[in-house]
Amino acid sequence: MTIVYSDFFSETEFHETLFSGDSLFDALKKLPRYLLDINGVHNSIQGRVADSAKLSGNGIVIEEGAYVDHGAVVQGPCIISRKSVVGHGALVRSNTIIGAECVVGHCSEIKDSVMFPRSSAGHFNFIGDSIIGSYVNIGGGTIISNFEFSAKKGLPHNIGIKINGVKVDTGLSKIGAIIGDNVKTGSNSVLSPGTLLAKDSVVYPGVCVRKGFLPANTIIKPDFYSAGA
(Lines give C-alpha, C1' and ligand atoms only; values in the text may rest on other atoms or scores of the structure.)
Protein backbone atom coordinates (compact mmCIF):
# COMPACT_ATOMS: atom_id res chain seq x y z
CA MET A 1 0.00 0.00 0.00
CA THR A 2 1.52 3.32 -1.05
CA ILE A 3 0.55 6.96 -1.02
CA VAL A 4 0.40 8.83 -4.32
CA TYR A 5 2.46 11.95 -5.01
CA SER A 6 -0.50 13.66 -6.71
CA ASP A 7 -2.62 13.31 -3.55
CA PHE A 8 -0.28 15.82 -1.95
CA PHE A 9 1.60 17.88 -4.53
CA SER A 10 0.86 19.53 -7.89
CA GLU A 11 4.39 20.77 -8.62
CA THR A 12 6.08 18.40 -11.06
CA GLU A 13 9.50 20.00 -11.54
CA PHE A 14 10.61 20.68 -7.98
CA HIS A 15 13.64 18.45 -7.33
CA GLU A 16 11.92 15.72 -9.33
CA THR A 17 14.90 13.39 -9.07
CA LEU A 18 14.48 13.31 -5.30
CA PHE A 19 10.87 12.19 -5.70
CA SER A 20 11.52 9.54 -8.34
CA GLY A 21 11.32 6.59 -5.92
CA ASP A 22 8.43 4.24 -5.28
CA SER A 23 7.12 6.17 -2.28
CA LEU A 24 7.38 9.59 -0.65
CA PHE A 25 9.15 7.94 2.26
CA ASP A 26 12.00 7.16 -0.13
CA ALA A 27 12.54 10.89 -0.69
CA LEU A 28 13.24 11.42 3.00
CA LYS A 29 15.63 8.47 3.02
CA LYS A 30 17.53 9.80 -0.03
CA LEU A 31 17.68 13.44 1.07
CA PRO A 32 21.18 13.48 2.69
CA ARG A 33 22.82 11.73 -0.26
CA TYR A 34 20.86 13.83 -2.77
CA LEU A 35 22.10 17.08 -1.24
CA LEU A 36 25.67 15.83 -1.11
CA ASP A 37 25.51 14.87 -4.79
CA ILE A 38 24.14 18.20 -6.02
CA ASN A 39 25.78 20.61 -3.55
CA GLY A 40 29.12 18.93 -2.97
CA VAL A 41 31.13 20.27 -0.05
CA HIS A 42 31.43 23.88 -1.18
CA ASN A 43 29.15 26.72 -0.11
CA SER A 44 27.40 28.96 -2.63
CA ILE A 45 26.13 32.17 -1.04
CA GLN A 46 24.36 34.44 -3.51
CA GLY A 47 21.67 35.80 -1.21
CA ARG A 48 22.09 38.14 1.76
CA VAL A 49 23.24 36.92 5.17
CA ALA A 50 23.03 39.25 8.17
CA ASP A 51 26.23 39.93 10.06
CA SER A 52 25.11 38.10 13.20
CA ALA A 53 23.75 35.05 11.36
CA LYS A 54 25.90 31.93 11.46
CA LEU A 55 26.62 29.49 8.64
CA SER A 56 27.98 26.15 9.79
CA GLY A 57 29.22 23.18 7.79
CA ASN A 58 29.56 22.47 4.09
CA GLY A 59 27.22 22.29 1.12
CA ILE A 60 25.19 25.38 1.99
CA VAL A 61 23.40 26.96 -0.98
CA ILE A 62 21.66 30.32 -0.48
CA GLU A 63 20.23 31.44 -3.78
CA GLU A 64 19.91 34.97 -5.15
CA GLY A 65 17.24 37.04 -3.43
CA ALA A 66 17.14 34.88 -0.31
CA TYR A 67 17.79 36.44 3.09
CA VAL A 68 19.08 34.99 6.36
CA ASP A 69 18.20 37.34 9.22
CA HIS A 70 20.10 38.29 12.36
CA GLY A 71 20.67 35.52 14.89
CA ALA A 72 19.69 32.74 12.50
CA VAL A 73 21.79 29.59 12.17
CA VAL A 74 22.09 27.62 8.92
CA GLN A 75 23.79 24.21 8.88
CA GLY A 76 24.90 22.43 5.73
CA PRO A 77 24.16 20.71 3.56
CA CYS A 78 21.00 22.60 2.69
CA ILE A 79 19.38 24.72 0.00
CA ILE A 80 17.61 28.00 0.68
CA SER A 81 16.03 28.92 -2.63
CA ARG A 82 15.50 32.32 -4.23
CA LYS A 83 13.48 34.99 -2.41
CA SER A 84 13.07 32.84 0.72
CA VAL A 85 13.53 34.26 4.20
CA VAL A 86 15.10 32.60 7.22
CA GLY A 87 13.90 34.79 10.07
CA HIS A 88 15.46 36.13 13.22
CA GLY A 89 16.66 33.38 15.53
CA ALA A 90 15.58 30.59 13.16
CA LEU A 91 17.50 27.34 12.81
CA VAL A 92 17.85 25.56 9.49
CA ARG A 93 19.52 22.25 10.25
CA SER A 94 21.29 20.00 7.79
CA ASN A 95 19.63 17.96 5.03
CA THR A 96 16.95 20.54 4.35
CA ILE A 97 15.59 22.02 1.12
CA ILE A 98 13.59 25.24 1.33
CA GLY A 99 11.87 26.14 -1.93
CA ALA A 100 11.49 29.56 -3.50
CA GLU A 101 9.57 32.34 -1.73
CA CYS A 102 9.24 30.44 1.55
CA VAL A 103 9.46 31.69 5.12
CA VAL A 104 11.09 29.91 8.03
CA GLY A 105 10.36 32.60 10.53
CA HIS A 106 11.28 33.83 13.99
CA CYS A 107 12.59 31.07 16.26
CA SER A 108 11.38 28.31 13.93
CA GLU A 109 13.43 25.15 13.36
CA ILE A 110 13.47 22.82 10.38
CA LYS A 111 15.57 19.68 9.89
CA ASP A 112 15.87 16.81 7.40
CA SER A 113 12.91 18.21 5.51
CA VAL A 114 11.70 19.54 2.18
CA MET A 115 9.53 22.64 1.87
CA PHE A 116 7.98 23.20 -1.54
CA PRO A 117 7.81 26.79 -2.90
CA ARG A 118 5.67 29.55 -1.41
CA SER A 119 5.03 28.00 2.00
CA SER A 120 5.47 29.52 5.44
CA ALA A 121 6.36 28.45 8.96
CA GLY A 122 6.23 31.95 10.37
CA HIS A 123 7.10 31.69 14.05
CA PHE A 124 7.90 29.27 16.85
CA ASN A 125 7.55 26.13 14.73
CA PHE A 126 9.38 22.81 14.71
CA ILE A 127 9.42 20.82 11.46
CA GLY A 128 11.31 17.54 11.63
CA ASP A 129 11.81 14.90 8.91
CA SER A 130 8.88 16.17 6.87
CA ILE A 131 7.74 17.14 3.39
CA ILE A 132 5.70 20.35 3.17
CA GLY A 133 3.79 21.17 -0.03
CA SER A 134 3.26 24.51 -1.77
CA TYR A 135 1.14 27.35 -0.36
CA VAL A 136 1.09 25.71 3.07
CA ASN A 137 0.75 27.90 6.16
CA ILE A 138 2.09 26.41 9.36
CA GLY A 139 0.43 28.40 12.15
CA GLY A 140 2.38 29.92 15.01
CA GLY A 141 3.55 27.37 17.54
CA THR A 142 2.69 24.35 15.40
CA ILE A 143 4.93 21.38 16.17
CA ILE A 144 5.51 18.63 13.62
CA SER A 145 6.87 15.89 15.85
CA ASN A 146 9.22 13.33 14.34
CA PHE A 147 9.91 10.72 17.05
CA GLU A 148 7.42 8.45 18.83
CA PHE A 149 7.86 8.90 22.56
CA SER A 150 6.12 5.55 23.11
CA ALA A 151 9.18 3.69 21.82
CA LYS A 152 10.32 1.10 24.36
CA LYS A 153 12.99 2.66 26.56
CA GLY A 154 13.21 5.42 23.97
CA LEU A 155 14.98 3.16 21.49
CA PRO A 156 14.51 3.96 17.80
CA HIS A 157 12.14 1.80 15.79
CA ASN A 158 10.62 2.05 12.34
CA ILE A 159 7.37 3.99 12.44
CA GLY A 160 4.34 2.24 10.98
CA ILE A 161 1.37 4.10 9.52
CA LYS A 162 -2.11 2.91 8.58
CA ILE A 163 -3.04 3.88 5.03
CA ASN A 164 -6.61 3.00 4.10
CA GLY A 165 -6.66 0.40 6.86
CA VAL A 166 -3.39 -1.26 5.89
CA LYS A 167 -0.34 -0.82 8.13
CA VAL A 168 2.73 0.33 6.21
CA ASP A 169 6.30 0.30 7.50
CA THR A 170 7.82 3.64 6.55
CA GLY A 171 11.34 2.27 6.98
CA LEU A 172 12.13 5.39 9.00
CA SER A 173 12.74 5.68 12.73
CA LYS A 174 12.07 9.41 12.47
CA ILE A 175 9.30 10.87 10.34
CA GLY A 176 7.26 13.97 10.91
CA ALA A 177 4.48 14.74 8.45
CA ILE A 178 3.81 14.78 4.74
CA ILE A 179 1.62 17.81 4.14
CA GLY A 180 -0.07 18.52 0.82
CA ASP A 181 -0.51 21.79 -1.05
CA ASN A 182 -2.73 24.52 0.44
CA VAL A 183 -2.93 22.93 3.89
CA LYS A 184 -3.37 25.27 6.88
CA THR A 185 -2.57 24.46 10.50
CA GLY A 186 -3.86 26.59 13.35
CA SER A 187 -1.72 27.98 16.13
CA ASN A 188 -0.33 25.55 18.71
CA SER A 189 -1.44 22.44 16.85
CA VAL A 190 0.64 19.26 17.01
CA LEU A 191 1.08 16.78 14.16
CA SER A 192 2.10 13.35 15.45
CA PRO A 193 4.94 11.39 13.84
CA GLY A 194 3.58 9.83 10.66
CA THR A 195 0.79 12.31 9.88
CA LEU A 196 -0.08 12.24 6.15
CA LEU A 197 -2.31 15.21 5.42
CA ALA A 198 -3.40 15.51 1.79
CA LYS A 199 -4.18 18.69 -0.18
CA ASP A 200 -6.49 21.50 0.92
CA SER A 201 -6.92 20.26 4.48
CA VAL A 202 -7.28 22.37 7.64
CA VAL A 203 -6.15 21.71 11.20
CA TYR A 204 -7.83 23.93 13.79
CA PRO A 205 -5.81 25.65 16.54
CA GLY A 206 -4.77 23.52 19.48
CA VAL A 207 -5.51 20.17 17.83
CA CYS A 208 -3.27 17.12 18.22
CA VAL A 209 -3.47 15.14 14.98
CA ARG A 210 -2.90 11.38 15.23
CA LYS A 211 -0.69 9.63 12.73
CA GLY A 212 -2.18 8.09 9.60
CA PHE A 213 -3.45 9.11 6.18
CA LEU A 214 -6.04 11.89 5.98
CA PRO A 215 -7.51 12.53 2.50
CA ALA A 216 -7.79 15.86 0.72
CA ASN A 217 -10.14 18.49 2.16
CA THR A 218 -10.07 17.01 5.65
CA ILE A 219 -11.04 19.44 8.42
CA ILE A 220 -9.80 18.53 11.89
CA LYS A 221 -11.49 20.30 14.80
CA PRO A 222 -11.22 19.77 18.54
CA ASP A 223 -14.35 18.48 20.25
CA PHE A 224 -15.46 21.86 21.57
CA TYR A 225 -15.53 23.27 18.03
CA SER A 226 -17.51 20.27 16.76
CA ALA A 227 -20.05 20.59 19.56
CA GLY A 228 -20.58 24.31 19.14
CA ALA A 229 -20.41 24.83 15.39
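The figures here come from the full heavy-atom set of this structure, side chains too, leaving out hydrogens, waters and symmetry mates.
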Could you grab the distance from atom CG of Leu172 to atom CG of Leu28, nearest 0.5 Å is fine?
-> 6.0 Å

Side chain to side chain donor-acceptor pair (under 3.5 Å): pairs with one or both residues in residues 188-197, sequence neighbours excluded | Thr142-Ser189

Any side-chain heavy atom of Ile178 within less than 4.5 Å of one from Phe9?
-> yes

Could you check if a side-chain atom of Asn43 sits within less than 4.5 angstrom of a side-chain atom of Leu55, using non-hydrogen atoms only?
-> no

Can the ring centres of Phe116 and Phe19 be said to be less than 6.0 Å apart?
-> yes

Within a reach of under 6.0 Å around OH of Tyr5, are more than 12 heavy atoms found that belong to other residues, nucleotides or ligands?
-> yes

Is any side-chain heavy atom of Thr17 closer than 4.5 Å to a side-chain heavy atom of Ile38?
-> no

Set of residues satisfying side-chain contact (heavy atoms from CB on, under 4.5 Å) with respect to Glu101, sequence neighbours excluded | Arg82, Lys83, Arg118

Is it true that the side chains of Ser10 and Lys199 contain a donor and an acceptor less than 3.5 Å apart?
-> yes

May I ask you to decide if Ile98's main-chain N or O and Ser81's side chain share a donor-acceptor pair within less than 3.5 Å?
-> yes

Around atom CD of Glu16, are there more than 12 heavy atoms of other residues, nucleotides or ligands at under 6.0 Å?
-> yes

Does any N or O in the side chain of Ser120 come within less than 3.5 Å of the main-chain N or O of Asn137, such that one atom is a donor and the other an acceptor?
-> no

Taking the side chain as every heavy atom from C-beta outward, state whether Asp69 and Val85 have any pair of such atoms under 4.5 Å apart.
-> no

Keeping to residues at least two apart or across chains, list the salt bridge (Lys or Arg N to Asp or Glu O under 4.0 Å) pairs with something in residues 51-61.
-> none

Are any non-hydrogen side-chain atoms of His15 and Val114 less than 4.5 angstrom apart?
-> no

Is the shortest heavy-atom distance from the side chain of Leu196 to the side chain of Asp7 under 4.5 Å?
-> no

Is the side chain of Ser84 donor-acceptor paired with the backbone N or O of Ala66 at a distance under 3.5 Å, no angle test?
-> no

Arg33: side-chain contact (heavy atoms from CB on, under 4.5 Å) partners, not counting sequence neighbours = Leu36, Asp37

Quickly, which of Leu214, Ile144, Thr185, Thr218 forms a side chain to side chain contact (heavy atoms under 4.5 Å, CB included) with Val209? Name it, please.
-> Leu214

How many angstroms lie between CZ in Arg93 and CD1 in Ile127, if you round to the nearest 0.5 Å?
-> 12.5 Å

Considering only heavy atoms from C-beta outward, does the side chain of Leu31 approach that of Ile97 to under 4.5 Å?
-> yes

Ring center gap for His70 and His88 short of 6.0 angstrom | no

Remaining members of hydrophobic cluster (4.5 Å side-chain criterion), Val73 | Leu91

Indicate yes or no for a side-chain donor-acceptor contact from Asp200 to the backbone of Asn182 under 3.5 Å, with no hydrogens or angles considered.
-> no

Across all chains, not counting sequence neighbours, the salt bridge (charged side-chain N to carboxylate O under 4.0 Å, His left out) partners of Asp26 are Lys29

Show your working on side-chain contact (heavy atoms from CB on, under 4.5 Å) between Phe213 and Asn164 and close with a plain yes or no.
-> CA-CA 7 Å; Phe213 174 71; Asn164 298 326; 3.9 Å; yes

So does Lys111 pair up with Asp129, basic N to acidic O under 4.0 Å?
-> yes

